[in-house]
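First the structure, in the form of structure tokens, and then the observations on it.
Values below: all heavy atoms of this structure, side chains included; hydrogens, waters and symmetry mates excluded. Just follow the structure's listing: the first ligand is 1, and inside any ligand the first atom is 1. Because the structure is predicted, anything quoted here is derived from the model rather than measured. We number each residue from 1, following the sequence as shown.
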Amino acid sequence: MKFLITAGPTREPIDPVRYLTNRSSGRMGYALAGAARHEGHDVVLISGPTQLDVPAGVDFVQVETAQQMYEAVRDLLRGVDVAILCAAVADYRPVVCGTQKMKKGADRLVLELEKTPDILGSMRSVFGFEGKLVGFAAETNDVIAYAQDKLQRKQCDFIVANDVSRSDIGFDSRENEVTLVFPNHLVPLEKDTKEHIALRIVEHATIVPS
Ligand code: CTP
């Protein structure tokens, strides 16, 4: 099968030397790419900036902004059987990015932000993707309820729900504990390394419904 996986944070520039980003390390997405490759699949990994080594045998596309990730996903979707969107895409970006470094001025500064394109939300409705679609939901509260809502709204096959209020799992850590949220059932995965969790996610993503 052919997998497309997004990973890592995005960077949204404010000026030539500053940007908005988040604490995603990219580890979960890179572990998914490695796991899918390990299982013999073709893998394209589209990633924001991380410190990680690209798993062997994986096609790699480096991006920086949400807009670039959106375009890369759109352009590389042909022939993809399974798309797992794991990237921690910035939801908002500065409306203007200056060409020169911003100088210090008043005591308060208001930065105007606008929404970035919703990649996961565009997969079915804009890109017409018909393969298996897996999204991530990073939440601090009402984790399963929000994931179920996201599952419906973005027409995913399942959502990997992640409680990011805990510092021992999820964002920027080596381990994770997630629940796979399907339309009619939940599959809780015990706390484990992101590599082991990734294998379980890939397994579930490749099950063909009978
Ligand atoms: N995602 C995306 N494009 C965006 C934002 C998010 O593809 N611009 C994807 C992420 O990769 C992840 C999923 O959407 O798979 C969940 O991201 P999240 O920001 O939690 O979802 P939102 O629908 O933006 O929900 P919320 O209301 O929680 O902000």
Side-chain angles (χ1 to χ4, degrees), residues 3-13 19-33 36 43-50 52 61-77 80 82-95 113-129 131-166 169-172 176 178-183 189 194 197-198 201-202 204-205:
F3 274 64
L4 179 146
I5 295 167
T6 68
T10 63
R11 282 183 185 166
E12 309 301 329
Y19 51 79
L20 297 177
T21 191
N22 58 65
R23 286 177 39 205
S24 167
S25 63
R27 277 195 203 106
M28 192 66 239
Y30 280 57
L32 283 163
V43 183
V44 56
L45 172 64
I46 301 170
S47 175
T50 77
L52 304 172
V61 179
Q62 168 90 59
V63 297
E64 196 150 312
T65 64
Q67 184 64 34
Q68 289 168 359
M69 187 173 280
Y70 177 89
E71 289 169 15
V73 170
R74 181 195 62 198
D75 296 347
L76 293 168
L77 263 187
V80 168
V82 179
I84 307 181
L85 302 198
C86 179
V89 184
D91 286 327
Y92 290 89
R93 64 184 170 206
V95 173
L113 305 178
E114 64 185 1
K115 267 195 180 148
T116 56
D118 182 352
I119 306 167
L120 184 60
S122 304
M123 292 291 283
R124 304 281 191 215
S125 58
V126 181
F127 305 154
F129 179 65
K132 274 272 174 77
L133 182 59
V134 181
F136 272 67
E139 308 288 355
T140 54
N141 54 288
D142 302 308
V143 180
I144 301 301
Y146 280 131
Q148 279 164 337
D149 176 58
K150 205 162 287 179
L151 177 79
Q152 304 293 338
R153 275 191 293 122
K154 305 194 178 179
Q155 299 171 67
C156 297
D157 290 277
F158 66 91
I159 292 276
V160 182
N162 215 338
D163 182 346
V164 288
S165 68
R166 288 171 54 181
I169 55 169
F171 262 44
D172 210 8
N176 212 347
V178 300
T179 303
L180 309 187
V181 179
F182 290 83
L189 302 183
K194 288 185 173 175
I197 299 268
I201 294 171
V202 166
H204 280 276

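Close approach to Thr116 involves these atoms of ligand 1, each under 4.0 Å from a residue heavy atom: 8 (N). For ligand 1 and Asp118, the ligand atoms under 4.0 Å from any heavy atom of the residue are 2 (C), 3 (N), 4 (C), 8 (N). With ligand atoms numbered from 1 in the order given, ligand 1 contributes 15 (O) to contacts under 4.0 Å with heavy atoms of Gly135.
Between Leu77 and Met123, some side-chain heavy-atom pair lies under the 4.5 Å cut-off. Inter-residue side-chain proximity for Tyr70 and Val126 is flagged as met; some heavy-atom pair is nearer than 4.5 Å.
In this structure, the separation between CD1 on Ile46 and CE on Met69 is 7.5 Å, given to the nearest 0.5 Å.
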Original post:
Can you list the steps and then say if Leu133 with Leu120 is a side chain to side chain contact (heavy atoms under 4.5 Å, CB included)?
Top reply: CA-CA 9 Å; Leu133 182 59; Leu120 184 60; 3.9 Å; yes
**OP:** Quick one: do Lys150 and Asp142 satisfy salt bridge (charged side-chain N to carboxylate O under 4.0 Å, His left out)? Show the steps, please.
**Re:** CA-CA 12 Å; Lys150 205 162 287 179; Asp142 302 308; over 6 Å; no
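Counting protein heavy atoms only, atom 16 (C) of ligand 1 is closest to Phe136 O, 2.7 Å. Nearest protein neighbour of atom 7 (O) of ligand 1, counting heavy atoms only, is Leu120 N, 2.8 Å. Nearest non-hydrogen protein atom to atom 3 (N) of ligand 1 is Ile119 N, 3.0 Å. Nearest non-hydrogen protein atom to atom 20 (O) of ligand 1 is Lys150 NZ, 2.7 Å. Atom 6 (C) of ligand 1 has its closest protein heavy atom at Val89 CB, 4.1 Å. In terms of protein heavy-atom proximity, atom 29 (O) of ligand 1 is nearest to Asp91 OD2, 3.6 Å. Leu85 O, 2.6 Å is the protein heavy atom nearest to atom 15 (O) of ligand 1.
Ligand 1 has Ala87 within reach: a non-hydrogen atom of the residue lies less than 4.0 Å from it. Close to ligand 1: Lys154, with a non-hydrogen atom less than 4.0 angstrom away. Residue contacts with ligand 1: Pro117 is included, with a non-hydrogen atom under 4.0 Å away.
Atom 27 (O) of ligand 1 is never approached by the protein to below 4.0 angstrom, counting heavy atoms only.
Using a 3.5 Å distance cut-off with no hydrogens or angles, the side chains of Glu71 and Gln67 do pair a donor with an acceptor.
Heavy atoms from other residues, nucleotides or ligands lying under 6.0 Å from OH of Tyr146 number 12 at most. Residue Tyr19 places its OH atom among 12 or fewer non-hydrogen atoms of other residues, nucleotides or ligands, all under 6.0 Å distant.
Annotation: ring-ring contact (aromatic ring centres under 6.0 Å, His included) contacts of Phe158 (sequence neighbours excluded): Phe182.
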